[in-house]
Amino acid sequence: MEIQKLLKCKAIEMVNELYQAEISDSDIQLQITRPEFEGDFTIVVFPLTKLSRKSPQDTAVALGEALLKHVPEIEKYEVVKGFLNILFTKETWLNYFYTLAESVDFSWKTAPVSRKIMVEYSSPNTNKPLHLGHIRNNLLGYSVAEILKARGHTVIKANLINDRGIHICKSMLAWMKFGNGESPESSGLKGDHLVGKYYVIFDKEYKKEIAALVNTGISEEEAEKGAPLIKEAQQLLQLWEKGDPETIRVWKMMNEWVYAGFNETYNKLGVNFDKFYYESNTYLLGKDIVQEGLSKNVFTKREDGSVWIDLTKDGLDEKLVLRSDGTSVYMTQDLGTAQDRFNEFALDELIYTVGNEQDYHFKVLQLIFKHFGRSWWQSLHHLSYGMVDLPSGKMKSREGTVVDADDLIAEMIQAAEDKTKEQGKIDGISEDEQKELFRKIGLSALKFFLLKVDPKKKMLFNPEESIELQGFTGPFIQYTYTRIRSILRKAGELNNFNFSNVPLHSEEKEVIKLLSRKDEILREAEENLSPAIIANYAYELAKEFNKFYQVHSVLNETNSEIQKFRLSLCFKTAQCIAANLKLLGIEVPERM
RNA sequence: GGUCCCGUAGCUCAGUUGGAUAGAGCAACAGCCUUCUAAGCUGUGGGUCGAUGGUUCGAAUCCAUCCGGGAUCACCA
């Protein structure tokens, strides 16, 4: 049993016995002892004084004595103010680590109940290439899915591609008017970038028309609505909805270009999907739901035919769910797809990875299903993440301040190459292996930088900091891993260990303690849908290992029992680092 | 204006969901490589946890008010 769990159980037992009480798990406040005090774990006894009717000091001593008497694993206890510090024996820690090291593979404790969870993420528009904001989305969604899998859940990674609507018509129209048949093949441009180029051209030409109209004395608002280009784009959308063969042909062709481009970016990022949805297929869903809402009197129809839900009692506003002309809005579709997914997969949970600018939308979505009386309305989760800002301010596509995903990835890999070459440690590694190494380092810098921050919070992307290889970074953790691998390679095979009788130094114990927290960390990451918790843990573990590495030699240790113990410690630490980085989508190199 | 989120060291972020003297990284300064990879380790300086009041044995954490920043309130997505 884990040492922490053991202590908790025993503490409950002792308290109940001492005070004829019936406390449970949550009544014992257990924490890790702060480094300035002696001990492994600390029980906060203030809450127990109500039962004992004694001072914190006396209560702590009484509990400490009882524990010391009944739990042989405990070496000693110490009371400081209202805090009971418990120190376990060296053997207890060594035994714990022995059982951990005995199983060769790394594994986590899984959740008591395995659930079926769909994680939707990425969900791009097909009119422009991916940018830095999408990267945060993709990495978060992917990582959360991996975390849930590690907890033993069945996860379906879903990508709902927004492939229809006025935005794609704009790109199409510009290409038809100004493209001269340009294709990814003829231009050498990546498909999504090519389509994005025409989206920009549309915007430019459209603005020219607006300016010209304003010059003739028309108001700006009128000009925006009346410009020929926007009208043409709207006509194109109507043609698309009617299924006009030529329009559909161009639409399909340009979307194929975009998908090829996206796939390239997804592959570089190392993210993947089990299921793709396309809005062109799903945008009509949800009309049944509207009917159901009307018959249940959850929705109301107005004179003009539009359908609304009144959420003023929930502290929100009235919200449109169907236009007066009977066409869908975003909400209509989302209602339909959510229902569809629960029907098709019998999901226990549906997680949407979408920026926090849509908090309101998802609040409404959930409330609607609540009013419908769906049993699963609480199983809808919005993994709401903060925007990525630049030192220069916000990213705005119109002002050209977006950071392109492909460019950024290339820059990170280039920076990794430059810095690695500066170090001069990679002689004797083949060209191919070097390239692979630069890729792993560059991507780890990028991924770790974006994932180490609490998803809920907006974050600042500082390009210079992101390519750093020192300190709280992905490459630092990778570096720690390669130092361990180097030791293990030189040590050869690791067998027949038995280290019940070796000395245990504080640096070794600290590493073991951290290793022992792997399961609670994963559980916490699951609970909060937060890869940042994993990132912080991996960093802490690497840091703690480096402290050990600095003062204790493994290969030069002459006592073979001690050496085997340290080799095991190295091995398990490396495994734990690699496994946690994998949850973040970060690969580890063998040397760097 | 209504609703929601955020405010912690010069900068970027943690803070185990109410516990001990609030921690890391970067930046600055000072040390440590004939020893398993110095992309490392050790140390120093740096704080009115936005402000005020409240809740209690105890508050960065919970409540109220205020200040500052952001998001959102479309027959857009």
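Chain A is the first sequence line, chain B the second, and so forth, proteins listed ahead of strands; every chain is numbered from 1.
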Exercise for the section: Record whether the side chain of A/Thr482 comes under 3.5 Å of the base of B/rA39 through a donor-acceptor pair of N or O atoms. Expected result: no

Problem - Side chain A/Asn85 and base B/rA20 donor-acceptor under 3.5 Å - result: yes

Handout entry: Given RNA chain B, 5'-ward residue of the pair A/Lys547 and A/Gln358, judged by closest heavy atom
Key = A/Lys547

Handout entry: Upstream residue (5' side of RNA chain B) when A/Phe476 and A/Leu460 are each assigned their closest nucleotide
Key = A/Leu460

Handout entry: Glycosidic conformation of B/rC33, taking syn as within 90° of 0 and anti otherwise
Key = syn

Completion exercise
Per the O4'-C1'-N9-C4 / O4'-C1'-N1-C2 angle with a 90° window around 0, B/rU17 comes out syn

Problem - Whether A/Thr573 side chain and A/Leu569 backbone form a donor-acceptor pair below 3.5 Å - result: yes

Exercise for the section: Spell out, as yes or no, whether a donor-acceptor pair under 3.5 Å connects the side chain of A/Asp163 to the backbone of A/Thr126. Expected result: no

With [atom1] as the reference atom in both, quote the distance from [N] to [M] in angstrom, rounded to an integer.
N	M	atom1	value
B/rG45	B/rU3	P	46 Å
B/rG18	B/rU61	C1'	7 Å
B/rC13	B/rG58	P	34 Å
B/rG69	B/rU8	C1'	16 Å
B/rA30	B/rG50	P	34 Å
B/rA60	B/rU21	C1'	15 Å
B/rA77	B/rU17	P	43 Å
B/rG19	B/rC32	C1'	37 Å

Exercise for the section: Just grab all the side chain to side chain donor-acceptor pair (under 3.5 Å) pairs involving residues 508-517 of chain A, residues at least two apart or on different chains. Expected result: A/Asp40-A/Lys509, A/Asp40-A/Lys513, A/His505-A/Glu508, A/Glu508-A/Arg566

[X]-[N] aromatic stacking (under 5.5 Å, under 30°):
X	N	answer
A/Phe83	B/rA20	yes
A/Phe37	B/rA20	yes
A/Phe46	B/rG19	yes

Tell me: [atom1] of [X] to [atom2] of [N], nearest whole Å?
X	N	atom1	atom2	value
A/Ile577	B/rG40	CD1	P	13 Å
A/Lys456	B/rG7	NZ	C1'	16 Å
A/Ile477	B/rA39	CD1	P	16 Å
A/Glu465	B/rU12	CD	C1'	5 Å
A/Met592	B/rA38	CE	C1'	13 Å
A/Leu320	B/rC76	CG	P	8 Å
A/Gln333	B/rA77	CD	P	9 Å
A/His361	B/rC4	NE2	P	19 Å

Practice task
Starting from the C-alpha separation in whole Å, work towards a yes-or-no answer on side chain to side chain donor-acceptor pair (under 3.5 Å) for A/His382 and A/Gln358.
Solution key: CA-CA 9 Å; A/His382 176 201; A/Gln358 291 191 36; over 6 Å; no

Which part of the nucleic acid does [X] contact within heavy-atom distance under 4.0 Å: base, sugar-phosphate only, or nothing?
X	result
A/Asn127	nothing
A/Phe472	sugar-phosphate
A/Thr420	base

Partner nucleotide of [N] by Watson-Crick or wobble geometry (both distances under 3.5 Å):
N	result
B/rA74	none
B/rG19	B/rC57
B/rC32	B/rG40

Phosphate-side-chain proximity, [X] and [N], N/O vs OP1/OP2 below 4.0 Å:
X	N	result
A/Arg323	B/rA77	yes
A/Lys457	B/rA14	yes
A/Arg485	B/rU37	no
A/Arg34	B/rG19	no
A/Ser486	B/rU37	yes
A/Lys458	B/rC13	no
A/Tyr330	B/rA77	no
A/Gln423	B/rA39	yes
A/Lys452	B/rU12	no

Under 3.5 Å donor-acceptor pairs involving side-chain atoms of residues 468-477 of chain A, not counting sequence neighbours:
unit_1   : atom_1 : unit_2   : atom_2 : d
A/Thr473 : OG1    : A/Leu469 : O      : 3.3
A/Thr473 : OG1    : A/Phe476 : N      : 3.1

Practice task
Evaluate the ring planes of A/Tyr278 and A/Phe276, with Trp represented by its six-membered ring, and classify them as parallel (under 30°), tilted (30 to 60°) or perpendicular (over 60°).
Solution key: parallel

Handout entry: Given B/rC41, B/rA77, B/rA38, the nucleotide with the shortest approach to the side chain of A/Tyr479
Key = B/rA38

Practice task
Could you go through the side-chain contact (heavy atoms from CB on, under 4.5 Å) check for A/Glu520 and A/Gln4 one step at a time?
Solution key: CA-CA 11 Å; A/Glu520 71 171 272; A/Gln4 194 171 343; 3.3 Å; yes

Handout entry: NZ/NE/NH1/NH2 to OD/OE distance under 4.0 Å, A/Arg151 and A/Glu526
Key = yes

Exercise for the section: Could you grab the distance from atom CG of A/Leu30 to atom CD1 of A/Ile28, nearest 0.5 Å is fine? Expected result: 8.0 Å

